[in-house]
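For the single chain, residues carry numbers from 1 onward in sequence order. All figures in this text were calculated on a predicted structure; none of them were measured in a lab.
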Amino acid sequence: MQTGVPNATVPGISPAAVTPKSPQRIGVPREVFPGEKRVATVPESVEKLIKLGFTVAVESGAGDASNFSDEVYRAAGAEIISGAAALWAASDMVFKVRGPTPDEVALMHEGQALVSFIWPAQNPELMQQLAAKKVTVLAIDALPRTLSRAQKMDALTSQAGVAGYRAVIEAANAFGRFFSGQITAAGKVPPAKVFIAGAGVAGLAAIGTAASLGAIVRANDTRAEVADQVVSLGGEFVKVDYVEEGSGGGGYAKVMSEGFQQAQREMYAKQAKDVDIIITTALIPGRPAPKLITADMVKSMKPGSVIVDMAAEQGGNCELTVPGQAVVTHGVTIVGYTDLVSRLAKQSSTLYASNLFRLTEELCKTKDGIINVNMEDEAIRGLTVTKDGSITWPAPAPKVAAPAAVAAKPAAAVAKPKGGHGQSSEPSSGTSMALMFGAAAAIFWLIGANAPAAFLSHFTVFVLACFVGYMVVWNVKPALHTPLMSVTNAISSIIAIGALVQVSPWVGAADRPNDLISWVAAAAIVLTAINMFGGFAVTQRMLAMFRK
């Protein structure tokens, strides 16, 4: 689409700058939502947007709360416009963080484009207001997250990561002790125990942060596939004693059965009595936050414990959460802040600006400063909730290729021999094995028939050493050593067995040999023993680094 700007005189903007079909202007207004400190673009992204052919206008003071001054924006090439009305009127496309208020919708004009968090399922009235204005709206929260190419535009992920990090910082601020265990002259300090409910993006960020601070971290999620991710970040995955698949569409969790929820509550109650800090992140799109932590669980927690409810804005995962506040109940501090991301405004603004820049790249592949909302593009189609006044949400589900059908063809091909007569490949494999052993036997016979007796004894030792090295060392579990160590240990075993054969005349002999070969064999035994036992000792020390 191409959007134009009305031929009206705007204070601070020359008439030439608003000529239709000229490179489009991206406007960045100041956020008006109470407590919102983020800004939709940062000076670094302004420079990149200009290289795509756009002009960028920023409302005066829009970046102050994120520590981006008007002077820094101006130095990056942006125009600074005073007043929201002037900025909205002068912009072809508007970047925002929060969805527009009714007053901001009133400032929009036909043909304009808006990129922002919209949450169309939760805001049907806003959708009707935007459609009435005949504008095109791209809801960054509606991005199809299952598309791999959409990850660079995924603002939900980038902002959730910031929120998860900040949740741990808030918990540490409210907690009365160290996170890490310490031994001091004044006594021993045990590590804090942290339980995280929900291992999505925010939960995983919280797990990594808490573990890096030295806490003992446990986590739970209805999706069993995230267990490995929890462990890889230094946490312990706590299972619910109830088998049920919890994966929903688009990477989210689904609503679980009553039986699972009851088993989950029992597990949460047990964890509440034991841990010092609980961080809840559970959300289901389009629904109120599920209640995971009951008042009785809060009452059972130790005095001085902390709960950080990251779902407070959607009602909270804890029954006693007060959205926007930190309250103390039964000696437990319950943090219900709804502005966790804004508490790291500069970082979150930078990440969000990068997401919007990547989206703009997809909208303007010609780099001429004119956006094209291509409804044939699955990612752009998913984002677009209104198009020139028509409501296009919800988008059709992205097309997913059926991997099973593709995988079946190679499997069928492998099952057949190269001759293609429909016979199984197993007889062919057995024949190959028989031929290989036959060839090996023939080679050994030729060597035995023609080699001197002294060579045969050494050759027999060599073959035996290779077999022992493979069977004893190579089959050790990979978790106990690296592939390189398994190879070196196999070689070492060959050397050790050969050396033992050479020094065997020493054992029980009254007149022990004193030749060079025997001394070299003895040295080889010492060196290979150091290599083998030392390698396993180093491996044990490495594994100990990852144990609590």
key: Sidechain-backbone polar pair: Ser349 side chain, Thr41 backbone, donor-acceptor under 3.5 Å   = no
query = Does atom CD of Glu44 have more than 12 heavy-atom neighbours, drawn from other residues, nucleotides or ligands, at distances under 6.0 Å?
reply = no
query = Is the closest side-chain donor-acceptor distance between Thr294 and Asp296 under 3.5 Å?
reply = no
inquiry  = Side chains of Gln159 and Arg38 only: does a donor on one sit below 3.5 Å from an acceptor on the other?
reply    = yes
request  = Of all the heavy-atom pairs spanning Pro290 and Asn317, show the shortest one and how long it is.
outcome  = O-ND2, 2.8 Å
message = Checking side-chain polar atoms at under 3.5 Å, does Ser342 have a donor or acceptor matched by the opposite partner on Asp339?
response = no
inquiry  = Test salt bridge (Lys or Arg N to Asp or Glu O under 4.0 Å) on Glu170 and Arg166; report intermediate values, then the result.
reply    = CA-CA 6 Å; Glu170 294 295 339; Arg166 184 67 191 196; 2.9 Å; yes
Side chain proximity check, Met375 to Val373, heavy atoms < 4.5 angstrom = yes
key: Separation of Thr321 OG1 from Tyr337 OH (nearest 0.5 Å)   = 12.5 Å
query = Once you round to the nearest 0.5 Å, how far does CG of Leu344 lie from NZ of Lys37?
reply = 10.0 Å
query = Taking all atoms of both residues into account, what is the closest heavy-atom pair of Ala78 and Val58, and its distance?
reply = CB-CG2, 4.0 Å
Closest non-hydrogen atom pair between Val168 and Ile279, with its separation = CG2-CD1, 3.8 Å
inquiry  = Let me confirm one number: the CH2-CD1 distance from Trp88 to Ile81, rounded to the nearest 0.5 Å.
reply    = 12.5 Å
query = Can Ser82 and Ser60 be counted as having a side-chain donor-acceptor contact under 3.5 angstrom?
reply = no
inquiry  = Can you see whether Phe195 has Arg218 sitting over its ring - NZ or CZ less than 6.0 Å from the centre and within 45° of the normal?
reply    = no
task = May I have the step-by-step check of salt bridge (Lys or Arg N to Asp or Glu O under 4.0 Å) for Glu79 and Arg74, ending in yes or no?
result = CA-CA 6 Å; Glu79 302 172 63; Arg74 191 177 285 111; over 6 Å; no
remark   = Nearest heavy-atom contact between Ser91 and His109 is O-NE2, 3.3 Å
task = Write down the atom of Pro120, the atom of Val385, and the distance for their closest heavy-atom approach.
result = CG-CG1, 4.0 Å
query = Taking all non-hydrogen atoms of both residues, which atom of Ala312 and which atom of Gly336 are closest, and how far apart?
reply = CB-O, 3.2 Å
message = Once rounded to the nearest 0.5 Å, what's the spacing between atom CG of Leu52 and atom CD1 of Ile50?
response = 10.0 Å
request  = Give a yes or no on whether the backbone of Leu283 and the side-chain of Gln314 come within a donor-acceptor separation of less than 3.5 Å.
outcome  = no
query = Arg25 side chain to Ala90 main-chain N or O, any donor-acceptor pair under 3.5 Å?
reply = yes
message = Taking the side chain as everything from C-beta on, heavy atoms only, tell me whether Phe175 gets closer than 4.5 Å to Thr333.
response = no
note = Value for CZ (Phe33) from OG1 (Thr101), rounded to nearest 0.5 Å, stands at 11.0 Å
query = Does the side chain of Asp276 come under 3.5 Å of the side chain of Ser305 through a donor N or O and an acceptor N or O?
reply = no
query = Once you round to the nearest 0.5 Å, how far does OH of Tyr242 lie from CD of Gln261?
reply = 10.0 Å
message = I'd like to know if the side chain of Thr281 reaches the main chain of Ala197, judged simply by a donor and an acceptor atom lying under 3.5 Å from each other, with no hydrogens or angles considered.
response = yes
key: Full working for side chain to side chain contact (heavy atoms under 4.5 Å, CB included) between Glu104 and Lys96   = CA-CA 11 Å; Glu104 289 176 318; Lys96 272 185 59 58; 3.5 Å; yes
key: N-O pairing of Glu362 and Arg149 below 4.0 Å   = yes
query = Is Arg381 salt-bridged to Glu378, cutoff N-O under 4.0 Å?
reply = no
query = Phe117 vs Trp119 aromatic rings, parallel, tilted or perpendicular, using cut-offs 30° and 60°?
reply = parallel
ask   = Going by distance alone, is a donor N or O of one side chain under 3.5 Å from an acceptor N or O of the other, for Thr157 and Arg145?
value = yes
request  = Check the pair Thr384, Thr392 against side chain to side chain donor-acceptor pair (under 3.5 Å), reporting the backbone distance first and the verdict last.
outcome  = CA-CA 7 Å; Thr384 307; Thr392 59; 5.6 Å; no
message = Please determine whether a side-chain nitrogen of the Lys or Arg among Arg98 and Glu36 lies less than 4.0 Å from a carboxylate oxygen of the Asp or Glu.
response = yes
